[in-house]
**Q** 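The structure that follows is given in the form of structure tokens.
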Amino acid sequence: MAQQTAPGTGPAALTAPKRVEVTVPADPRLRRLPDTDVSIAVDPRVFGDWWSLAGWTVTPNALLVLGEGHQVGWVERGLTGLGAPDKWVAVYENHFIGDINTQEAILHDTAEQAAFTVYTAYLQNL
């Protein structure tokens with residue numbers, strides 16, 4: 001699990017790279033959102049039974065990863081400082097899932113890919 005950082009810019013970055021820490025946003029369930037009104041099935045051949053994504057039409061960039069009857073983590077898109085605005089990150093136990101050496105969050109093309117990262121972390125009990 002990693003905290004996302006980004007290298008600095010400009011001439012000073014060549015000698016001493018600056019790193020900007022991006023904090024993990026609050027759990028979507030703690031953001032005073034209404035009950036979830038979106039349910040997205042995930043491939044049962046990959047996830048097995050009893051896994052899905054749930055979210056809100058008012059906040060389409062955050063989805064809960066539900067597994068085995070409870071929230072396991074969440075995935076989020078468009079966070080400032082985390083690369084392209086259309087990329088998804090996986091959050092498990094209030095940490096971005098990423099590269100332990102570079103301390104950068106793994107960026108995913110789809111919510112289901114990010115959910116699979118949460119699923120893998122859950123199964124490995126990280």
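All heavy atoms count here, side chains included; hydrogens, waters and symmetry mates do not.
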**Q** Restricting to non-hydrogen atoms, name the atom on Trp88 and the atom on Pro60 that form the minimum distance, rounded to 0.1 Å.
**A**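 Where Trp88 meets Pro60 most closely, the heavy atoms are CH2-O, 3.8 Å.
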**Q** Measure the shortest side-chain to side-chain distance between Leu64 and Thr36 over non-hydrogen atoms and say whether it is less than 4.5 angstrom.
**A**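 Heavy-atom side-chain distance check passes, below 4.5 Å.
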**Q** Against Tyr119, only a single residue in Trp50, Phe47, Tyr92 fulfils ring-ring contact (aromatic ring centres under 6.0 Å, His included); can you say which?
**A** Phe47
**Q** For a side-chain contact (heavy atoms from CB on, under 4.5 Å) check, start with the C-alpha distance between Ile97 and Val91, then their side-chain angles and the critical distance, and finish with the verdict.
**A** CA-CA 6 Å; Ile97 300 175; Val91 181; over 6 Å; no
**Q** Going by ring-ring contact (aromatic ring centres under 6.0 Å, His included), name the residues that satisfy it together with Trp56, two or more places apart in sequence or in a different chain.
**A**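 Listed in chain order: nothing, the list is empty.
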**Q** Using the salt bridge (Lys or Arg N to Asp or Glu O under 4.0 Å) rule, collect all pairs that involve residues 42-61, keeping only residues at least two apart or in two chains.
**A**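 Found Asp43-Arg45.
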**Q** Within the distance-only criterion (no hydrogens, no angle test), does the side chain of His108 pair as donor or acceptor with the backbone N or O of Val89 below 3.5 angstrom?
**A**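 No, the answer is negative, given that no donor and acceptor are paired below the 3.5 Å cut-off.
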**Q** Checking Leu66 against Val72 for the side-chain contact (heavy atoms from CB on, under 4.5 Å) test, could you report, in this order, the C-alpha distance in whole Å, the side-chain angles of both residues, the deciding distance, and whether it holds?
**A** CA-CA 6 Å; Leu66 305 176; Val72 175; over 6 Å; no
**Q** Please evaluate residues Val46 and Phe116 with respect to the criterion side-chain contact (heavy atoms from CB on, under 4.5 Å), reporting the C-alpha separation (whole Å), side-chain torsions for both, the decisive distance (0.1 Å), and the verdict.
**A** CA-CA 8 Å; Val46 175; Phe116 183 74; 3.5 Å; yes
**Q** Taking all heavy atoms of Ala115 and all of Leu53, pick out the closest pair and write down the distance.
**A** CB-CD2, 3.7 Å
**Q** Any side-chain to backbone donor/acceptor pair from Asn94 onto Val24? Under 3.5 Å, distance only.
**A**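 Such a contact is absent between Asn94 side chain and Val24 backbone.
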**Q** Closest approach of Ala111 and Leu63, non-hydrogen atoms and distance?
**A** CB-CD1, 3.7 Å
**Q** Restricting to non-hydrogen atoms, name the atom on Ala62 and the atom on Pro28 that form the minimum distance, rounded to 0.1 Å.
**A**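 Result for this residue pair: CB-CG, 4.3 Å.
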**Q** Just grab all the side chain to side chain donor-acceptor pair (under 3.5 Å) pairs involving residues 67-77, residues at least two apart or on different chains.
**A** Asp27-Gln71, Arg29-Gln71, Arg31-Glu76, Asn61-Arg77, Glu68-Tyr122, Trp74-Glu76
**Q** Would you mind reporting whether Gln113 and Thr117 have side-chain heavy atoms less than 4.5 Å apart?
**A** no
**Q** Roughly how far apart are Asp99 CG and Gln103 CD, rounded to 0.5 Å?
**A** 8.0 Å
**Q** What's the verdict on side-chain contact (heavy atoms from CB on, under 4.5 Å) for Val65 and Val75, showing C-alpha distance, side-chain angles and the deciding distance?
**A** CA-CA 7 Å; Val65 180; Val75 298; 3.9 Å; yes
**Q** Holding to salt bridge (Lys or Arg N to Asp or Glu O under 4.0 Å), I want the full list of residues that pass it with Asp109, two or more places apart in sequence or in another chain.
**A**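 Lys87.
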